[in-house]
Amino acid sequence: MTRPRLYSGMQPSADSLQIGNYIGALLQWRDLQEEYQAFFSVVDLHALTQPNDPAELREKTRRTAAQYIAAGIEPSKSTLYVQSHVRAHAELAWVLSTITGFGEANRMTQFKDKSARYGADQTNVGLFTYPVLMAADILLYQTDIVPVGDDQKQHVELTRDLAERFNSRYGQTFRMPMPVIQQDTARIYDLQNPTAKMSKSAESDAGVLWMLDDPAVSAKKIMRAVTDSEGVVRYDKENKPGVSNLLVIYAALTGRQIPSIEDEYAGRGYGDFKKGLAEVVVNEFGPVRARALELLDDPAELDRVLAANADRAAEVADATLADVYAKVGLLRRG
Ligand code: TYM
């Protein structure tokens, strides 16, 4: 029996992933790849919607792929590839854009947020059609589940609407994907501003724990994390967002329950707790960082792995695209 399909991806928008990407996505991906036939892409075409230096974008793309592997995504088990290596993504996005309503695209909150943040002269049409390209990513692989953070939920819902519309207009073509949204405790917040999501594009670096940071730098950032004046290590997201965020990180990385961590630090100050967390973070990311840097030391081998995986991805994607082209009436090349 063939295993159900899973699709997810990340933008190569920084030199390093941040630990929100690791806890909110990579840890789940690593487990799910055992049960699902999984496709994980580095979505470099999506990253073009922001200004990039070309050489840096290439480097970030390799670095993102290396971090997937270092975090436990196995390219022999899952298909781990670079989006632009499979041409069908851009091609299906075009066809889907012709069945997407302008008003429908205009309702996407991430577009509204980003365009407000970037200002009118930085807002490009690609940013507007970003969710349509994401729909193409998902639908090309006849995906059953899409594990993402809740910031991506609306995009997966649009994907479902487009799949349903296409299927009802042209006959069964796409499998209907289900979003799998991480629960609240899988969302990681900025250490300096613990009510804002930790993000690769945060304005200040002090609140972001990068997977490839030197462990001493990560430890320092944890020691300086914003807490509160109560001095009690206790989960209370509403009133103690800083400490609660640190507890969530601690629990996610150790597999422990929050109450057991609260017990361990009962009667001890935040200094001790932060030291404990710094140790957990350094232990977790030390080996991941070392493995990623080792992979990046041999870019030719990494490129070879990515190329082989892109071939596997293209086989699936091209079959879906051929079906779509035939259904919408594009003349087959003789
Ligand atoms: P991106 O690159 O913004 O984020 C990648 C994944 O990491 C999750 N994430 C977080 N989870 C917990 N805490 C955080 N602080 C945190 N920050 C980020 C995100 O929810 C996401 O799951 N549009 C997508 C990329 C994409 C995609 C796709 C995803 C393109 N095509 C197809 C799934 C399927 C994005 O920008 O992810």
Side-chain angles (χ1 to χ4, degrees), residues 5-14 16-30 32 36 38-50 60-61 63-65 67-68 71 73 79 81-84 86 89-90 92-93 96 108-111 113-114 126-127 129-141 143-160 162-163 177-202 207-211 241 245 248-249 252-253 313 317:
R5 295 247 176 94
L6 176 159
Y7 193 95
S8 203
M10 287 189 202
Q11 292 195 69
S13 46
S16 170
L17 297 175
Q18 39 89 7
I19 69 154
N21 299 129
Y22 183 81
I23 294 172
L26 281 168
L27 283 180
Q28 279 73 31
W29 294 5
R30 189 170 75 193
L32 291 167
Y36 288 85
F39 294 83
F40 298 116
S41 60
V42 179
V43 294
D44 54 348
L45 294 172
H46 278 108
L48 288 179
T49 57
Q50 288 167 40
K60 287 172 183 171
T61 300
R63 290 173 81 92
T64 303
Q67 289 171 91
Y68 283 9
I73 303 302
T79 303
Y81 72 101
V82 175
Q83 183 190 32
S84 66
V86 178
H89 290 255
L92 180 60
L96 292 178
M108 296 293 117
T109 53
Q110 195 170 65
F111 170 72
D113 291 350
K114 285 194 178 172
L127 202 59
T129 57
Y130 179 114
V132 180
L133 178 58
M134 183 161 158
D137 298 343
I138 296 166
L139 297 179
L140 278 174
Y141 296 89
T143 300
D144 295 289
I145 68 159
V146 187
V148 282
D150 63 356
D151 55 338
Q152 299 299 318
K153 186 171 173 208
Q154 200 186 26
H155 293 163
V156 183
E157 275 159 7
L158 174 71
T159 304
R160 288 170 58 85
L162 295 179
M178 282 292 296
V180 172
I181 308 296
Q182 310 306 341
Q183 2 131 318
D184 192 39
T185 47
R187 179 176 267 220
I188 306 303
Y189 295 89
D190 190 285
L191 300 187
Q192 289 300 322
N193 182 10
T195 51
K197 199 183 79 159
M198 190 181 283
S199 159
K200 291 190 234 94
S201 49
V208 182
L209 290 176
W210 300 104
M211 272 171 60
N245 186 38
V248 167
I249 297 173
L253 297 183

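Just so you know, ligand 1 is whichever comes first in the structure, and atom 1 is the first atom listed for that ligand. Keep in mind that the numbers below use all heavy atoms, side chains included, and drop hydrogens, waters and symmetry copies.
- The OG atom of Ser41 sits 6.0 Å away from the OH atom of Tyr68 when rounded to the nearest 0.5 Å.
- No side-chain donor from either of Ser13 and Gln50 sits under 3.5 Å from a side-chain acceptor of the other.
- Pocket lining of ligand 1, defined as residues with a non-hydrogen atom under 4.0 Å away: Tyr7, Ser8, Gly9, Met10, Gln11, Gln18, Gly20, Asn21, Gly24, Ala25, Val43, His46, Tyr130, Met134, Asp137, Ile138, Val146, Val148, Gly149, Asp151, Gln152, Ala186, Arg187, Ile188, Lys197, Met198, Lys200.
- Residues Leu6 and Thr143 share a closest heavy-atom pair of C-CG2, 4.2 Å.
- Between Thr49 and Leu133, the closest side-chain pair of non-hydrogen atoms is not below 4.5 Å.
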* Kindly indicate, with the supporting measurements, whether the criterion ring pair (Phe, Tyr, Trp, His ring centres under 6.0 Å) is fulfilled by Tyr141 and His89. => CA-CA 10 Å; Tyr141 296 89; His89 290 255; 5.7 Å; yes
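- In this structure, Tyr189 and Met198 have side chains that are not in contact, with every pair of non-hydrogen atoms separated by 4.5 Å or more.
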